[in-house]
Amino acid sequence: MPRVRGKQYQQTTALDLHTGNRESDVATNQPPVTVAMLFQIPAVRSPSTPSPPSSSSSCSSPSPRNPPRRSPRSRMESNAMVWFRKGLRIHDNPALDHARRGGCARLFPVFVLDPRYLEPDPTAFSPGSARSGLNRIRFLLDSLADLDSALRSLGSRLLLLRGEPAPLICRVLKDWNIGKLCFEFDTEPYSLARDKQVSDFASASGIQVFSPVSHTLFNPADIIEKNGGRAPLTYQSFVALAGKPPEPLSVTYHELPPVGDTGEYQLLSVPKIEELGYGDISQEEFSPFRGGESEALRRLKESLKDKEWVAKFEKPKGDPSAFLKPATTLLSPYLKFGCLSSRYFYQCLHDIYKSVGKHTSPPVSLAGQLLWRDFFYTVAFGTPNFDCMRGNKICKQVPWRDDEELLVAWREGQTGYPWIDAIMIQLKKWGWVHHLARHSVACFLTRGDLFIHWEKGRDVFERLLIDSDWAINNGNWLWLSCSSFFYQYYRIYSPISFGKKYDPNGNYIRHFLPVLKDMPNEYIYEPWTAPLSVQKKARCIIGKDYPKPVVDHDIASKECRKKMAEAYASNHSGENVPSGRSSNVLRRKLQNENREGSPPTNSKQRKKH
DNA sequence: ATGTAAGTTGTGTTA
DNA sequence: CTAACACAACTTACA
């Protein structure tokens, strides 16, 4: 049964709908306007029937040094907290907007530095924490600093705490006499569990909880409900169900309520990366992309300036080898952290479409990309064990090979295929590569060449990408490995010719793999075929300065194709033994084989019964 | 129920 | 330079 917990967080319709004043620069001081849209959460549990969950035990004992001051109820309701996690922005932020409303005397804007994401892990394969490379950590810190400065310009500030988020939030809710807690609804499993602890505690303590859906265009739970309780598994059916997304909030603030007394809690200023314990780690090249809402809105404006480009955008036509001027907007990391509202972005795009007239449409258009994002969020929300093969009902069960050496070669950009390796180096250095470049390396690792588990590749991307987003990253690995959504496993990206058609001279390779920079054009994609004299002249001996190919693509890809065919034929999906449906498929498949003159099987007997 | 159409993004050859 | 096609044949959604 799909999780539809978010269903209880239903959207209500607009109050005081406002449609004017749409500037690209939402940070300018426009006259405050009314709420365009409001989300409401019904009471999760009546305070009169508190049944604290077992997990809340850690929450219910406030610090002895900060005993909760029991205040009159009216006093409690005058303090509000907005808890930032994603949604690191001021614009289109329903949680923030709700927090400062309703006679809020003191507003506590909080972010908790979670050791799960920030604690240095020296055993990881690259600098960073167990889950995140340094580039994304830095992006987060940028975003927090920008959020803090935006809040300060409104007479507030970001209250930065450090520790395990759920117990810590529960403690400060008590100690700061918070009457109203507002945070953006988050669909990821880790977040759902964390937020349930906090919501349960808050409700049991009589604290009002407001948890709007504002990270995505739509509420995934609504889409799933509309589809009869199951997530739609094709983009088209998703789009048909989704309809038009709600408009963003268009409220501008001159001032926010002041921050209240934070007692003895030590408030951190946004740390530098060195202060998190990464001081002694040197990374040769940092991502050129800086985090934060200001940068997001600047980039958005920049991207949308060329209306013709926006109107003609077609995703599959982008050039994955473009790196001086990437072929896409590069807004994905800002969407991931919520520095940019997807609803605001969507609205800007539609304003342009209206003004230009002729434009591309989903799935290939820019707006279509935002719908893809929502598609994966929806399926991820409605699919238990979405992030693994076992126990995932929509995932093909494939006997992937376990080969640490090949995995490391892929991860470190040492496969001997310059196109693949250059992409992996760009990923490591920049934390970003073009969509089609991701396809190339994901296909190569899984069904195309190495036949290694998509979960292994997923882990590497999750760590290194600054835009790594749980639903989207897993969704795309399922897609590229032909484990779900996409099944044409005989379509394999060539690690040689795919890049060549965009960048025949190999400029991209030369940039990210300088060891190959003097290799002649005709060998740049297949340097192992260069005569030794050429290798010497290029000062790059294959097998010494740059590796020989770890597999022969022609042979490996054929083997992979065969293994995929076998895996598909055995037709196990999820943890099910073949069900009625899949044995049906198997029967038909066998029949087809009979028609083509294969030896008879028992399928005919089966059919008669 | 069985058949059919369609599916964001393959390669390599031929016209 | 672009388009059509073979290659070999998957799944979901829907009639």
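Side-chain atoms are counted along with the backbone in the values below, which use heavy atoms only and exclude waters and symmetry mates. We name chains A, B, ... by the order of the sequence lines, and we start the count at 1 in each one. Only a predicted model underlies this, so the values are computations on that prediction, with no experimental measurement involved.
- Counting any heavy atom pair closer than 4.0 Å across all strands shown, A:Y235 reaches sugar-phosphate atoms only and no base atom.
- Rounding to whole angstrom units, CZ of residue A:R561 and P of B:dG10 are separated by 13 Å.
- In this structure, the side chain to side chain contact (heavy atoms under 4.5 Å, CB included) partners of A:D421, at least two apart in sequence or on a different chain, are A:T415, A:L513, A:Y546.
- Atom CZ in A:R447 sits about 11 Å away from atom C1' in C:dC10, given to the nearest Å.
- Distance A:L480 CG to C:dC10 P: 20 Å, rounded to the nearest Å.
- Atom P of nucleotide B:dT8 and atom CG of A:N476 are separated by 13 Å, given to the nearest angstrom.
- In this model, no donor atom of one side chain and acceptor atom of the other lie less than 3.5 Å apart for A:T360 and A:E314.
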Worked verdict on A:R85 versus A:E188 for salt bridge (charged side-chain N to carboxylate O under 4.0 Å, His left out): CA-CA 12 Å; A:R85 305 92 58 80; A:E188 293 181 23; over 6 Å; no
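- In this structure, A:K315 places its NZ atom where more than 12 heavy-atom neighbours from other residues, nucleotides or ligands lie under 6.0 Å away.
- Remark: the separation of the P atoms in B:dA6 and C:dC5 is 16 Å, to the nearest Å.
- Rounding to whole angstrom units, CG of residue A:L366 and C1' of B:dT8 are separated by 13 Å.
- Closest to the A:R491 side chain, of the nucleotides C:dC10, B:dG10, B:dT8, is B:dG10.
- Contact check, A:Q236 against B:dA5: no side-chain N or O comes under 4.0 Å of OP1 or OP2.
- Within residues 494-504 of chain A, the residues approaching DNA chain B are A:S494, A:S497, A:F498, A:K501, by heavy-atom distance under 4.0 Å.
- To the nearest angstrom, P of B:dT9 lies 13 Å from OH of A:Y487.
- Counting any heavy atom pair closer than 4.0 Å across all strands shown, A:Q369 reaches a base atom.
- Remark: the backbone N or O of A:A567 is paired with a side-chain donor or acceptor of A:S570 at under 3.5 angstrom.
- Within a 6.0 Å radius of NZ in A:K501, more than 12 heavy atoms belonging to other residues, nucleotides or ligands are found.
- The same atom, P, is picked in B:dT8 and in C:dC7; the two are 26 Å apart, to the nearest Å.
- Across B:dT4 and C:dA8, the matching P atoms stand 22 Å from one another, rounded to whole Å.
- With hydrogens and angles left out, the side chain of A:Y490 and the base of C:dA9 share a donor-acceptor pair within 3.5 Å.
- Listed by chain and number, the residues in a side chain to side chain contact (heavy atoms under 4.5 Å, CB included) with A:L436 are A:P320, A:H434, A:H439, A:Y493, A:F498, A:Y502 (sequence neighbours excluded).
- Distance A:L436 CG to B:dG10 P: 9 Å, rounded to the nearest Å.
- If you take CZ of A:R373 and C1' of B:dT8, they are 18 Å apart, rounded to a whole angstrom.
- Stacking here means ring centres nearer than 5.5 Å and ring planes tilted less than 30 degrees, and by that measure A:W372 stacks onto B:dT8.
- Checked against B:dG7, B:dT9, B:dT8, the side chain of A:Q488 finds its nearest nucleotide in B:dG7.
- A sub-4.0 Å separation between OP1 or OP2 of C:dA13 and a side-chain N or O of A:S237 is present.
- Here A:P288 pairs with A:W430 under the side chain to side chain contact (heavy atoms under 4.5 Å, CB included) rule; sequence neighbours left out.
- The two residues A:F386 and A:I394 make their nearest non-hydrogen contact at CE1-CD1, 4.0 Å.
- Residues passing the side chain to side chain donor-acceptor pair (under 3.5 Å) test with A:R411: none are found, sequence neighbours excluded.
- For C:dA9 and B:dG7, the P atoms lie 22 Å apart once the distance is rounded to whole Å.
- With the 3.5 Å cutoff on both pairing distances, Watson-Crick and G-U pairs in DNA chain B assemble into runs of at least 3 at B:2-7 with C:10-15, B:10-15 with C:2-7.
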